[in-house]
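See below for the structure under consideration.
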2 protein chains.
Amino acid sequence: MGEQARQRHGTRQGAPAGSAGSQDVGAPDPDAEVRGVPGAAEPSAGPGTVGKALEVLDAVAASPGGVRFAELETRGRYPKATLYRLLQTLAREGMVQHDPDSGLYTLGMRLVRLAHVAWRHSSLAPIARPHLDALSADLGQTVHLAQLDHGQVLYVDKRNAAQPVEMYSEAGKVGPAYCTGVGKVLLAHVPAPELDRLLSQQSFHRFTPSTLTDAAALRAELARIRAEGVGYDREEHEAGIICIAVPVLSAQGRCLGALSVTGHADRMTAADLAAFLPELRAAAARISQDTQAWRFPDAPEPH
Amino acid sequence: MGEQARQRHGTRQGAPAGSAGSQDVGAPDPDAEVRGVPGAAEPSAGPGTVGKALEVLDAVAASPGGVRFAELETRGRYPKATLYRLLQTLAREGMVQHDPDSGLYTLGMRLVRLAHVAWRHSSLAPIARPHLDALSADLGQTVHLAQLDHGQVLYVDKRNAAQPVEMYSEAGKVGPAYCTGVGKVLLAHVPAPELDRLLSQQSFHRFTPSTLTDAAALRAELARIRAEGVGYDREEHEAGIICIAVPVLSAQGRCLGALSVTGHADRMTAADLAAFLPELRAAAARISQDTQAWRFPDAPEPH
DNA sequence: TCTAGTAGTTCCACTATATGAAACTTTGTT
DNA sequence: AACAAAGTTTCATATAGTGGAACTACTAGA
């Protein structure tokens with residue numbers, strides 16, 4: 001794997017504004033990059049033009065209602081002219097929209113088109129869908145399917161206990177990795193060198209009294225999860241919410257995603273959740289199995 | 001030196017696969033960039049690094065099952081090293097995933113995260129949702145909500161006549177603009193200078209005998225639509241499928257999107273569809289109204 | 001109306017960044 | 001082992017992005 005012998009600017013401006021209060025505030029990001037390749041002097045590469053553009057894109061995404069140019073100027077670290085050109089490029093490319101009336105920048109529809117393909121063909125969601133349906137119906141509980149994205153948990157699908165499916169508003173939502181069941185399971189299966197990097201990106205914000213707030217404690221927990229194959233969230237992210245999560249492993253043992261069942265602490269105990277383990281694991285296994293079968297459907301779009 | 005650096009957008013989606021023969025290929029594309037300054041000769045801007053990266057991203061998106069490096073090399077017009085670095089950058093940024101086992105590139109989850117925000121806050125879909133529900137239930141027909149993206153129709157939401165909602169698999173889907181009801185309505189409301197550019201991007205592939213296959217015919221149709229405020233698709237895209245579409249106009253008269261009702265030609269006539277016009281227009285008006293009211297949840301009022 | 005101030009856009013000399021031919025390494029095949 | 005194909009790295013070069021500053025377009029205040 002190409003090693004990042006570079007030191008990526010503390011880019012990843014955190015906080016993609018979770019609308020569910022699942023922020024992940026600004027981790028100053030110690031730029032101390034894990035020296036990947038030994039011996040090599042730092043080539044000190046900047047983020048590159050593309051990286052800068054994507055950072056701006058994130059900044060736009062962080063203000064859901066739209067942002068003014070000036071707003072971005074203060075927030076970002078780019079001089080006026082540079083920012084201006086980046087935004088112009090992004091707008092021309094359809095990655096952002098610039099409403100001339102209000103002067104606000106919002107994310108562009110090209111993203112929706114791309115994400116449609118990404119979700120359909122690169123995520124576990126379409127394969128896992130029937131299994132999520134079954135699992136949720138079977139247990140009568142809320143289930144989540146998540147994958148890792150830039151050190152954060154990205155929910156790719158969800159079934160609420162009873163409510164009708166409300167897809168887009170759940171798929172794509174992000175949350176912290178260090179204090180959720182799925183997040184910890186996903187982190188537990190990240191190869192060591194990359195884990196170091198990801199851990200340094202975690203904000204370790206204390207959401208509740210039981211939140212793990214330092215890398216050391218988290219590492220211990222991850223080791224336990226790796227050994228046992230189960231992760232718990234004991235009200236670490238949200239008071240009153242507990243959950244149990246298992247990995248979805250590929251045939252080669254790579255972790256493709258994580259599956260979880262969530263419950264209310266006042267109605268269930270961790271033991272109650274643990275009772276779901278067999279079903280959870282079975283569902284994860286079935287998803288994994290289907291992954292292999294479905295290896296590249298390359299399907300023409302249904303019409 | 002490499003003076004081939006002009007050709008923009010080559011690999012936009014694949015119109016219904018199979019008809020690849022006459023994609024929107026070639027078209028020297030005067031690339032008349034609306035520079036604001038009239039009469040100025042074009043500086044003939046290249047796509048820029050960001051543009052190239054996004055083109056590669058599109059290329060990856062065009063092969064849903066994943067692409068090998070070599071594949072992209074032949075398809076794209078970039079030399080090995082350039083392509084390689086572009087892909088590396090995109091992968092580092094999470095816009096594509098590179099499965100080290102198979103060597104395949106697929107779209108990255110970061111897109112899903114971004115698109116989640118884009119869809120929720122930049123598209124008409126979340127605002128229109130209840131109105132789509134109502135309209136579909138009221139008429140008992142399939143309805144579509146679409147917006148324009150890079151000269152193509154992008155469906156941001158849909159209600160099937162009876163089936164359960166299947167969001168992600170519909171939102172994000174793209175289709176041709178020149179031969180669909182929503183597409184023509186959207187094009188009809190594009191300001192003249194931009195329209196020229198968009199028309200030159202249309203492939204004008206003949207899907208059915210009634211497909212409009214040249215810009216002139218389309219322009220006439222667009223003028224009619226602009227005058228009457230309704231667009232029809234008379235089996236122009238797909239044999240047996242007809243539809244009626246109206247624009248969703250903002251208070252300032254800008255076209256925010258298009259709303260349509262679709263029917264089967266063997267079960268309905270265009271006149272039958274026309275009977276839905278009042279309801280369609282009413283729904284569009286209600287959506288437009290809500291747009292103003294909902295001046296975006298967590299955004300401070302502009303001005 | 002005339003400043004003064006702020007937001008947004010353009011200019012242009014400068015050089016940091018991306019480029020791509022070719023060399024090199026790794027992986028798979030006969 | 002020898003070969004071929006795929007993938008990765010190097011390095012001299014100029015293209016493409018940079019950013020300070022000037023400029024324009026509004027808006028508010030006097």
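FYI, side chains are in, hydrogens and waters are out, and symmetry mates aren't considered; it's all heavy atoms of this structure. Here the structure is a predicted model, which means the values were calculated and not measured. The sequence lines fix the lettering, A, B, ..., with proteins before strands; numbering per chain opens at 1.
Between A:L114 atom CG and A:M95 atom CE the span is 6.0 Å, to the nearest 0.5 Å.
In this structure, CZ of B:R92 is placed 14 Å from P of D:dT8, rounded to the nearest angstrom. One atom, CG of B:L83, and another, P of D:dT9, lie 15 Å apart when rounded to the nearest Å. For A:D101 and C:dG8, the CG to C1' distance is 16 Å, given to the nearest whole Å. In this structure, CD of A:E71 is placed 15 Å from C1' of C:dG8, rounded to the nearest angstrom. Whole-Å rounding puts the B:L86 CG to D:dG7 P distance at 16 Å. In this structure, A:Q88 places its CD atom 15 Å from C1' of C:dA7, rounding to the nearest Å. One can place CG of B:L87 at 15 Å from P of C:dA18, the figure rounded to the nearest angstrom. The OH atom of B:Y78 sits 14 Å away from the P atom of C:dA21 (whole-angstrom rounding).
Direction change of the helix axis from one end of the helix from C:dT1-D:dA30 to C:dT30-D:dA1 to the other is 30°, with five pairs defining each end axis (rounded to 10°).
For A:F69, the listed nucleotide lying nearest its side chain is C:dG8; candidates were C:dC11, D:dG7, C:dG8. The side chain of A:P79 approaches D:dG20 more closely than any other nucleotide in the set D:dT9, D:dG20, D:dG7. Looking at the side chain of A:Y105, the nearest of the listed nucleotides C:dT10, C:dA22, C:dT9 is C:dT9.
Residue B:K52 has a polar side-chain atom (N or O) positioned under 4.0 Å from OP1 or OP2 of C:dT19. Here B:Y84 reaches the OP1 or OP2 of D:dT8: one of its side-chain N or O atoms lies under 4.0 Å away. Proximity of B:T82 to the phosphate of C:dG20: a side-chain N or O atom is located under 4.0 Å from OP1 or OP2. Applying the 4.0 Å criterion to OP1 and OP2 of D:dA16, one finds that A:T49 has every side-chain N and O outside that range.
A donor-acceptor contact under 3.5 Å is not formed by the side chain of A:K80 with the base of D:dG20. Residue side chain B:R68 does not reach the base of D:dG7 through any donor-acceptor N/O pair under 3.5 Å, judged by distance alone.
Of the residues near DNA chain C, A:V50 and A:A81, the one whose nearest nucleotide (by heavy atom distance) lies more toward the 5' end is A:A81. Remark on DNA chain C: of its neighbouring residues A:A70 and A:R85, the 5'-side contact belongs to A:A70, judged by nearest-heavy-atom nucleotide.
No hydrogens or angles considered: a donor-acceptor pair under 3.5 Å links the side chains of B:R75 and B:S63. Side-chain polar atoms of B:E55 and B:Y78 form a donor-acceptor pair below 3.5 angstrom.
A salt bridge links A:D149 with B:R113: at least one charged nitrogen is closer than 4.0 Å to a carboxylate oxygen. Ion pair A:E93/A:R110 flagged as a salt bridge, since at least one NZ, NE, NH1 or NH2 atom sits closer than 4.0 Å to an Asp/Glu carboxylate oxygen. In summary, B:E71 and B:R68 do not engage in a salt bridge, as defined by a charged side-chain N under 4.0 Å from a carboxylate O.
Inter-residue side-chain proximity for A:D99 and A:T106 is flagged as unmet; no heavy-atom pair is nearer than 4.5 Å. Residues A:L145 and A:L124 meet the side-chain proximity criterion, which asks for heavy atoms closer than 4.5 Å.
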